Asker: 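Pasting in a structure now, in structure tokens, and then I'll have a few things to ask.
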Amino acid sequence: MNRSAEVIVVGGGVIGSAVAFELARRSVDVLLVDKTLPGRATSASAGGLWPVGEAVGMGCGIIHHQSHSPSEGLNDALLLPTSFRDFLTQSNSYFPELAQELNEFGGMDIEYEPGAGLMFLFFTEEEKQFGHLIVDRMPPEVRPQILSPTEAREVEPCLTNDLLGAARLAEEHQVNPMWLAEGYKRAAINLGARFRHETRVAKLCRSGERIVGIEFEDEQLFSDMVVNAAGAWAGTLASTADLRLPIFPVRGQIVLTQSVPHILNACLSNSGCYILQKKHGEVLIGSTTENAGFDVSVTPESITHLVSAAVRTLPCLREVGIKRVWSGLRPGTQDELPILGPMEGVAGYMNATGGFRTGVVASPLTGRVIAQQITGESLDFPLECFLAERFAPVQKTVRI
Ligand SMILES: Cc1cc2nc3c(=O)[nH]c(=O)nc-3n(C[C@H](O)[C@H](O)[C@H](O)COP(=O)(O)OP(=O)(O)OC[C@H]3O[C@@H](n4cnc5c(N)ncnc54)[C@H](O)[C@@H]3O)c2cc1C
């Protein structure tokens, strides 16, 4: 068997590209293979870097929760494990340095923009109580600041008067997710990685208990390690080698307005939508979380819902035209945590998927730990809670 590369990474979204970058900077011979499929998450993302906001349900999580279990009301069931919050916070802390590195190695400006943070807005008493409940549970180093309506409008003068206050996470910012993925990729290539674009991997090649490479239409490529970074399609890819990977697509629809003069200092979120102003003035309004399989349609009902929630938050948006709407497929998991690292019982294979609604902010640390795991370095963050084995089917008791 002729080896084509030490490591083959399947999937050139933000995760696969980050892994390729971290491997290439360690002088590993890496081949990144990607086919841009409709709905690829990275191209659809908002680019919010909200590690604590997402881990405690003050970002897109609250929209998800409200659309799936509105009858349960708002409660601390929205809190994800502290280990995950720590993982995201650590990953987020790399962005200032990463922005410089990707400029230096990849020639890309990832539009990392420290602003006034993420403000979760309270419109109802229930939302206010939820905000306080969450804030009270958090350790001082990550605890949001509670703002009165007046204080919130001092940060964001365009906010509606119809507001009961806000929780502000000062260190939560944004990037351009497409430039981020492109930056990782270009930097990886400049550091020696190879890239096969518009090539769909048909299957993983398995020999006994080892993954030995990949196969496309009429070609096989062999490697010591294959990284599955195929996003929402990672489960389909894994199944070609009889591996069970419980990843499913979660559709998110988004609206982008025409460019307007600077109206937002922070990223905003509430239980109906989140709102960011991008570098060139467009206002991005996101996003639904729907189980619609691999259907990437955009629906009038969801777009109307997002736009109404945004106009309620920022009445000045009423006058602004819509430039574009789209949807993307998040790689979802049942417990909303990623699936990272090796898999029991199979050598030569590594998962790097399940980024769900935080894959962009998680990408710097994901790239590092996957590369470290492959090269045998000590890990910047332990992977135990992200291993695929946590979903292993419960053994049924056999009654005799
Ligand atoms: C609407 C929306 C808003 C979001 N907002 C945010 C946000 O604000 N902040 C945040 O952190 N995260 C956000 N996310 C989540 C984030 O975008 C994802 O977690 C992240 O992009 C996942 O990256 P990925 O590389 O795993 O997957 P993808 O970006 O989907 O990349 C996977 C790649 O693999 C390719 N591929 C699949 N199968 C094969 C195959 N067999 N052969 C070759 N190539 C293949 C796909 O076409 C794709 O190019 C958002 C997601 C959506 C949909």
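We count ligands from 1, going down the list as the structure has it; atoms in each ligand are counted the same way. Every value quoted in this text rests on a predicted model; they were computed, and no experiment measured them.
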Asker: Hey, is NE2 on H132 packed in by over 12 heavy atoms from elsewhere, all under 6.0 Å?
Answerer: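 Yes.
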Asker: Heavy atom under 4.0 Å from ligand 1: found in R40's side chain, backbone, both, or neither?
Answerer: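 Both the backbone and the side chain of R40 come within reach of ligand 1.
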Asker: For ligand 1, indicate whether the residue V360 contacts it via side chain, backbone, both or neither (heavy-atom separation under 4.0 Å).
Answerer: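 Contact part for V360 vs ligand 1: both backbone and side chain.
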Asker: With heavy atoms only and a cut-off of under 4.0 Å, state how A234 meets ligand 1: side chain, backbone, both or neither.
Answerer: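 Neither part.
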Asker: So which bit of T353 gets within less than 4.0 Å of ligand 1, heavy atoms only: side chain, backbone, both or neither?
Answerer: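 It is neither part, as no heavy atom is under 4.0 Å.
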Asker: Once ring-ring contact (aromatic ring centres under 6.0 Å, His included) is applied, do any residues pair with Y94, and if so which ones, sequence neighbours excluded?
Answerer: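 Scan of Y94 (ring-ring contact (aromatic ring centres under 6.0 Å, His included), adjacent residues dropped) gives none.
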Asker: Should the heavy atoms of other residues, nucleotides or ligands under 6.0 Å from CD of E301 be counted, would the total exceed 12?
Answerer: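 No, CD of E301 has 12 or fewer neighbouring heavy atoms, counting only those of other groups under 6.0 Å.
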Asker: At the 4.0 Å heavy-atom cut-off, does A229 count as touching ligand 1?
Answerer: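 It does; at least one heavy atom falls under 4.0 Å.
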Asker: Going by the rule ring-ring contact (aromatic ring centres under 6.0 Å, His included), which residues pair with F294 if we only count those two or more places apart in sequence or in a different chain?
Answerer: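 Partners of F294 by the ring-ring contact (aromatic ring centres under 6.0 Å, His included) criterion, ordered by chain and then number, come out as W233.
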Asker: So, regarding A46 and ligand 1 (criterion: nitrogen or oxygen to nitrogen or oxygen, under 3.5 Å), is there a contact or not?
Answerer: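 Right, the criterion is met.
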Asker: Say whether G47 and ligand 1 are in contact under the criterion: heavy-atom distance to a ligand atom below 4.0 Å.
Answerer: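 For ligand 1, residue contact (heavy atoms, under 4.0 Å) with G47 is present.
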Asker: In this structure, does ligand 1 have an atom that sits under 4.0 Å from one of the heavy atoms of W326?
Answerer: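 No, that is not the case, since the closest heavy atom of the residue is not under 4.0 Å from the ligand.
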Asker: Taking a cutoff of less than 4.0 Å between a non-hydrogen atom of the residue and any ligand atom, is L276 in contact with ligand 1?
Answerer: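 The answer is no, since L276 has no heavy atom less than 4.0 Å from ligand 1.
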Asker: Answer yes or no: does an N/O atom from T42 fall short of 3.5 Å to an N/O atom of ligand 1?
Answerer: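 Among all N and O atoms of T42, at least one is under 3.5 Å from an N or O of ligand 1.
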